[in-house]
Amino acid sequence: MKTIRLKPRKEESILRRHPWVFSGAIATLPDDVEEGELVKVVSASGDALGTGHYQIGSIAVRLLQFGDADIPFDFFKQRLAAAFRMRLALGLIRDDNNCFRLVHGEGDFLPGLVIDVYGDTAVVQAHSPGMHFERMKIARALTEISEARIRNVYYKSETTLPYKAQLDPQNDYLIGKFDGNIAVENGLRFNIDWLRGQKTGFFVDQRENRSLLEKFAKGRTVLNMFCYTGGFSVYAMRGGALKVDSVDSSSKAAALTDANIRLNFPDDSRHTTHAVDAFKFLADMGKDAYDLIILDPPAFAKHRSALKNGLIGYRKLNAKAFEKIKSGGILFTFSCSQVVTREMFRLAVFTAAAQSGRKVRILYQLTQPADHPVDISHPEGEYLKGLVLYVE
Ligand code: SAH
């Protein structure tokens, strides 16, 4: 295995178990090292720091293991089985709940890898060339965790791998085939479209927040903005909402929402989907039309360079909701931008509240659920932030 040597003192974050080696920390890089290759990382004085996948870019190595031990032959099986045991212990695997995140990258000590499970199908996303090259090993290991009963493994990395690496990953089944796509979350059924949908097909990270929303839905008029698959809408329907309107600018998303409402509440006239732009919908709608609004937009700031505009986007969006929501209304507002910290998001929402002149109280501060764990050494793993607000 090739060895990468760091500059003096650049080992400190690794000794604190942060799994990334930045390119600027590297003193010597072997000429012939290839993207995706397993490499050993040593300090300036030659001490073994860990083993990981090399890649071209600002994060040059994602460490899979610390110290000088070799990577065992059944490494993926061990890590995946540990991830599965944790989800089992969290009570996420039940007759009435069979979708969950099995691997959340660094949070499961598998940097560069995301796996969501929908019933007997696992959807695998590689974010690093190293994980791309290991995909068959990962797929086989998934089917070997006997308790997980995974029969199909779909690989979906066309949009997550670095484009410049020219890996030409094809979205396809690595093992098994399509054998149905209905998953159950807290007793509600969802069509998961991993073939054409965004990310792995469903946002499992909002599961607990959707459950909380259900508790507030009774007798309320609900607006679910950026609805995608209609997750929040389906929970609001079960919670006893008077009326639910779902909005998404994508007609594909609107169709998915309609299908999920029909699946759970056939012939129920309380729900309507609107395939329009969220800002246009908010501008056109009347005041006091809704007393429960959900704002769960896509990441407005995908990179640090977009932070300023992203925060302006969150402020404007929330200001519109404050302007229109009925008195005594409840607003569920989210940001999934990793570069937007909890404090920044809260400040953007506070600014919107101040501008609107409404009296606003924070009822809950929300985050990502336990199947999206954050390695305490890797705070970058935290991304989802939410506020539940009472608006007078
Ligand atoms: N709340 C969803 C996830 C939202 S993902 C859930 O619980 O699953 C973000 C969604 O916003 C996507 O479906 C995307 O199509 C939609 N979207 C992006 N820009 C939009 C806009 N300007 N107006 C309305 N919808 C938009």
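If you're wondering where the values come from, they're calculated on a predicted model, not measured in any experiment. Counting starts at 1 for both ligands and their atoms, following the listed order.
In the candidate list Gly313, Pro297, Ser249, Ser249 is nearest to atom 26 (C) of ligand 1, counting heavy atoms. Of the listed options Asn260, Asp248, Leu282, Asp248 places a heavy atom closest to atom 16 (C) of ligand 1.
Interface atoms of ligand 1 facing Arg210, defined by a heavy-atom separation under 4.0 Å, are 6 (C), 7 (O), 8 (O). Residue contact check: Ser250 has heavy atoms under 4.0 Å from atoms 15 (O) of ligand 1. For ligand 1, the atoms sitting less than 4.0 Å from at least one non-hydrogen atom of Phe232 are 7 (O), numbered in the order shown with element in parentheses.
Using a 4.0 Å cut-off between heavy atoms, Val276 contacts ligand 1 through its backbone alone, with no side-chain atom that close. Of the heavy atoms in Met225, none comes closer than 4.0 Å to ligand 1.
Nearest heavy atoms, Phe226 versus Pro297: CG-CA, 3.5 Å. When all heavy atoms are compared, the tightest approach of Arg5 to Ala44 is NH1-O, 2.9 Å.
Note on Arg87 versus Asp108: salt bridge recorded, some NZ/NE/NH1/NH2 to OD/OE distance being below 4.0 Å.
Ranking protein heavy atoms by distance to atom 22 (N) of ligand 1, first place goes to Asp277 OD1, 2.7 Å. Of the protein's non-hydrogen atoms, Gln198 NE2, 3.2 Å is the one closest to atom 12 (C) of ligand 1. Looking at atom 23 (N) of ligand 1, its nearest protein heavy atom turns out to be Ala278 N, 2.8 Å. Remark: minimum distance from atom 5 (S) of ligand 1 to any protein heavy atom is reached at Phe203 CE1, 3.8 Å. Protein heavy atom nearest atom 18 (C) of ligand 1, with residue, atom name and distance: Pro298 CG, 3.5 Å. Nearest protein heavy-atom neighbour of atom 4 (C) of ligand 1: Phe226 O, 3.2 Å. In terms of protein heavy atoms, atom 1 (N) of ligand 1 is closest to Asp296 OD2, 2.7 Å.
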Assess whether side-chain contact (heavy atoms from CB on, under 4.5 Å) is satisfied between Phe84 and Val117, documenting all intermediate values.
CA-CA 10 Å; Phe84 185 79; Val117 172; over 6 Å; no
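With 3.5 Å as the limit, one finds no donor-acceptor pair spanning the side chains of Tyr314 and Thr333.
Ring pair His372/His104 is tilted by interplanar angle, where 30° to 60° counts as tilted. Between Phe22 and Trp20, the two ring planes are perpendicular [angle over 60°; tilted spans 30° to 60°].
Considering Val204, Val234, Val184, Asn181 in turn, Val234 is the only one that fulfils the side chain to side chain contact (heavy atoms under 4.5 Å, CB included) rule with Phe190.
Atom OG of Ser327 is separated from atom NZ of Lys287 by 10.5 Å, given to the nearest 0.5 angstrom.
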